[in-house]
Protein chains: 2
Amino acid sequence: MNAELEKLLKFNEDGLIPAIAQQHDTGEVLMMAWMNKDAIAETLETGKVCYWSRSRQSMWRKGETSGNQQKLIHFRLDCDGDTILLLVDQVGAACHTGRRDCFFYEPTKTGVDIISEPIMSPEEMYGKK
Amino acid sequence: MNAELEKLLKFNEDGLIPAIAQQHDTGEVLMMAWMNKDAIAETLETGKVCYWSRSRQSMWRKGETSGNQQKLIHFRLDCDGDTILLLVDQVGAACHTGRRDCFFYEPTKTGVDIISEPIMSPEEMYGKK
């Protein structure tokens with residue numbers, strides 16, 4: 001990671017920055033996850049998106065178990081240096097539920113609708129390790 | 001806010017959820033900010049996006065001082081209930097720098113490029129209170 005980028009990055013108290021993944025050509029917002037300094041450096045170096053898993057407290061190389069990798073097209077940082085936008089090329093489903101993207105709950109006046117269906121089964125995603 | 005939505009929302013230790021604002025028709029990711037329960041309720045009720053300002057520790061009715069409001073088109077929640085996607089109609093600039101969106105830093109091998117220019121001056125944004 002170069003010094004100018006490093007100076008701009010503003011990590012939270014846990015050493016993390018939220019990263020939004022957007023499909024580069026269709027504009028779909030796929031998911032949001034977190035990156036630490038090592039995940040950012042690896043992503044920029046390899047061109048494959050790597051997050052930091054807060055639940056597992058380990059590097060999360062997206063698609064490592066599911067095959068649903070994210071190829072990095074553009075890496076962008078916001079005005080405050082505290083949010084990342086990743087323009088990616090997403091293989092298959094971004095969401096662990098097998099949906100293309102994670103944003104499938106939409107509230108109504110009285111409840112919450114589910115607005116998309118899985119494009120892959122759990123077996124397709126996690127059976128092919 | 002209805003009970004089903006309330007059950008899905010997963011706030012962090014500060015009572016906040018990150019919210020991504022995306023222009024509903026072009027797909028531009030405009031900005032990311034934070035919402036607390038009151039900001040979510042107000043946004044859903046009024047159809048105008050309201051965030052929680054962490055720096056000012058107060059409700060942040062987007063566009064209140066700049067006029068650059070965000071009209072809510074769709075409110076979506078992700079699979080884990082811990083990230084919101086707001087599809088909005090953004091008036092003018094979303095970014096406090098006068099740029100349409102906040103994601104204008106792009107790292108190169110040796111430095112960081114600025115990839116967009118302001119569409120409004122600070123005077124245009126903050127002089128017309």
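These numbers come from a predicted model, not from an experiment. Computed over heavy atoms, backbone and side chain alike; hydrogens, waters and symmetry mates excluded.
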May I ask you to decide if [Y]'s main-chain N or O and [X]'s side chain share a donor-acceptor pair within less than 3.5 Å?
X     : Y      : answer
B:R99 : B:F104 : no
A:Q70 : A:A94  : no
B:Q22 : A:G27  : yes
A:Q23 : A:Q90  : yes
A:N2  : B:G111 : yes

At a heavy-atom separation under 4.5 Å, does [X] approach chain B through its side chain, its backbone, both, or neither?
X      : value
A:E106 : both
A:P107 : both
A:I114 : neither
A:T83  : both
A:I20  : side chain
A:K109 : backbone

> When heavy-atom pairs shorter than 4.5 Å are enumerated against chain B, which of A:L8, A:L77, A:D80 gives the highest number?
Replying inline: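 That would be A:L77.
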> Crowded around A:E45 CD? As in, over 12 foreign heavy atoms under 6.0 Å?
Replying inline: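 12 or below, so no.
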